[in-house]
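This report concerns only the one structure given below.
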There are 2 protein chains.
Amino acid sequence: MAPQLTTTSYAVLAQVAVHPWSTYELAQQRVRYFRYVWPRAESAIYREVKRLSSMGLLDGNKEWVGKRARTVYSITDKGREALREWLATPVSPFAMDFEALIRLFVAPLGTKEQIVTTLTQVRDDVREMLRFGGEVKQEFLDGISVTQDQVYIRALAVDFFISLLNTVGAWAERTLAEIESWDDLSPDGKNERALEKIRELPVLTPESVERTPVPPRTQLHPRRR
Amino acid sequence: MAPQLTTTSYAVLAQVAVHPWSTYELAQQRVRYFRYVWPRAESAIYREVKRLSSMGLLDGNKEWVGKRARTVYSITDKGREALREWLATPVSPFAMDFEALIRLFVAPLGTKEQIVTTLTQVRDDVREMLRFGGEVKQEFLDGISVTQDQVYIRALAVDFFISLLNTVGAWAERTLAEIESWDDLSPDGKNERALEKIRELPVLTPESVERTPVPPRTQLHPRRR
DNA sequence: GGACACATGTAACGGGTTACATGATTTC
DNA sequence: GAAATCATGTAACCCGTTACATGTGTCC
């Protein structure tokens, strides 16, 4: 049996499918391709191309720059076939790591300044990513993108990226504003206003029929026997 | 030196800070706390509590259920102090894993049906998460949440969650509609329309930035590990 | 009294990360 | 011609995963 490929493998295959790259270029150009939707360390890419080429999915061509070797990889028919088969398998769901939310939960342990700093960082990170998104947009409008012939597909992805970041950015802004309007991080007098805000959130709540009567929460101190 | 804690460690600490839990409850209740913003396997939690308690940040109490032991953990002062110190460090940026976008990029290698299936899966995943979000909302409105006294904080997080999912869901819907309006996945005659759509995306491009003076961006902080 | 879900973990593998090494090119 | 930066990787540790193991209440 061939060893199992990971999503990272397919991400690399997908990038090489566009055109051949040296490993270094591959690792660098991930920024323009998958850095924000499938972030991985550079060294993972180096390892991945070797695996893929040992399996015959990539074709590695050694070149020489002075006394240094470098390898340029292109995708093979077998590689394209692997991608094709992958497309028929179930997709893994959208997932995120958002440390700032964990900090928010314990924010009252720290100072107001700290949580404001955290949220400001989030806002700035998002701005930076949006700046990058604007760059990509401009590249396509100028007609100079490497994947210019694929605009009809890439546009869908850029749409996703921009929409999502605008949402996160807007959330950061309004949350900053809310917290800055507080005197401190204590609950005093804040919960009622918060309930009002929760009530207005755009999501359906389960109907009372389905509403499970509160299950007596698991006992923290079970009886001995 | 004490071993370095990871964000997962702090996530566990943060959850135990709410009130004591047995390890099993901890692992289960992650769904209601961090599953969607900091997803980790259950076994990671089991290992983490042992580490944290060996460091004195958690206090583990052995109890007996029949002949089986179980451990109930509560946070120590030292644990709360660790959380406090953590709040002063730079936050790690929002990150996501979104395999569907990689598939979208290579979609023309496969069939229209396949990419439609993938996007439908995304839409359904989002619906399920939104259903959960609605449940949480209802719990707060009913006043029965375990963190009822923290509504003023949790509301901010629920806001984030719902906003983000609505954005992803809306994107999935309109992308499905777009692709279903196509005869096939070839670029024929699609790129011009796509450029028009890109032009309308709500993000500043470098050119427009040059024309519109923008306040100097705050410096980005370094990445945490 | 057998089946089955719940409860409570452990073992082991592998992907991802950080740290390091070394040659080539540019800058001053 | 030294320093800094770019280019091209390798090594090793550790977090996160999947798979498994075993005890306990419950249902019919």
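To find a chain, count down the sequence lines: A is the first, B the second, and so on, and within it residues start at 1.
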(message) In whole Å, I'd like the distance from the CD atom of B:Glu48 to the P atom of D:dG16.
(response) 8 Å
(request) Measure the acute angle between the ring planes of A:Phe161 and A:Tyr36, then classify it against the limits of 30° and 60° as parallel, tilted or perpendicular. (result) tilted
(request) For A:Ala27, report the nucleic acid contact type (base, sugar-phosphate, nothing); a contact means any heavy atom under 4.0 Å. (result) nothing
(request) Report yes if a side-chain nitrogen or oxygen of A:Ser22 is closer than 4.0 Å to either non-bridging phosphate oxygen (OP1 or OP2) of D:dT8; otherwise report no. (result) yes
(request) In whole angstrom, give the distance that lies between atom OH of B:Tyr24 and atom P of C:dT8. (result) 7 Å
(message) Quick check: do B:Arg70 and B:Tyr24 have side-chain heavy atoms less than 4.5 Å from each other?
(response) no
(message) Using a 3.5 Å limit on both distances, find every run of at least three consecutive Watson-Crick or G-U pairs that involves DNA chain C.
(response) C:1-28 with D:1-28
(request) Just jot down the side-chain contact (heavy atoms from CB on, under 4.5 Å) partners of A:Ser54, sequence neighbours excluded, or say none. (result) none
(request) Would you tell me if any nitrogen or oxygen in the side chain of B:Lys50 comes within less than 4.0 Å of OP1 or OP2 on C:dG9? (result) no
(message) Could you check whether any side-chain heavy atom of B:Phe132 comes within less than 4.5 Å of a side-chain heavy atom of B:Arg127, counting everything from C-beta outward?
(response) no
(request) Pick base, sugar-phosphate or nothing for B:Ser43, based on heavy-atom distances below 4.0 Å to the nucleic acid. (result) base
(message) Rounded to whole Å, please give me the gap between CD in A:Glu63 and P in C:dA24.
(response) 15 Å
(message) Tell me the interatomic distance from B:Trp64, atom CH2, to C:dA7, atom P, rounded to whole angstroms.
(response) 18 Å
(request) Please confirm whether the backbone N or O of B:Trp38 pairs with a side-chain atom of B:Arg30, one donor and one acceptor, at under 3.5 Å? (result) yes
(message) Can you confirm whether A:Thr76 sits close enough to A:Leu58 that some side-chain heavy atom of one is under 4.5 Å from a side-chain heavy atom of the other?
(response) no
(request) Look at the side-chain N and O atoms of B:Thr6 and state whether any lies under 4.0 Å from the OP1 or OP2 oxygen of D:dC14. (result) no
(message) Whether the side chain of A:Arg70 and the base of D:dT8 hold a donor-acceptor pair under 3.5 Å is what I'd like checked.
(response) no
(message) What is the distance, to the nearest angstrom, from the OH atom on A:Tyr46 to the C1' atom on C:dG16?
(response) 16 Å
(request) Assign each of B:Arg47 and A:Thr8 to its nearest nucleotide of DNA chain C by heavy atoms, then name whichever residue's nucleotide is nearer the 5' end. (result) B:Arg47
(message) What is the distance, to the nearest angstrom, from the NZ atom on A:Lys62 to the P atom on D:dA7?
(response) 19 Å
(message) Does A:Arg68 contact D:dG9 through a side-chain donor or acceptor facing the base, at a distance under 3.5 Å?
(response) no
(request) List the steps, then state whether salt bridge (charged side-chain N to carboxylate O under 4.0 Å, His left out) holds for B:Arg47 with B:Glu42. (result) CA-CA 9 Å; B:Arg47 191 171 33 193; B:Glu42 294 187 11; over 6 Å; no
(request) Nearest whole angstrom, please: distance from the C1' of D:dT8 to the CG of A:Leu26. (result) 13 Å
(request) Measure the distance from CD on B:Glu42 to P on D:dG16 and round it to the nearest whole Å. (result) 15 Å
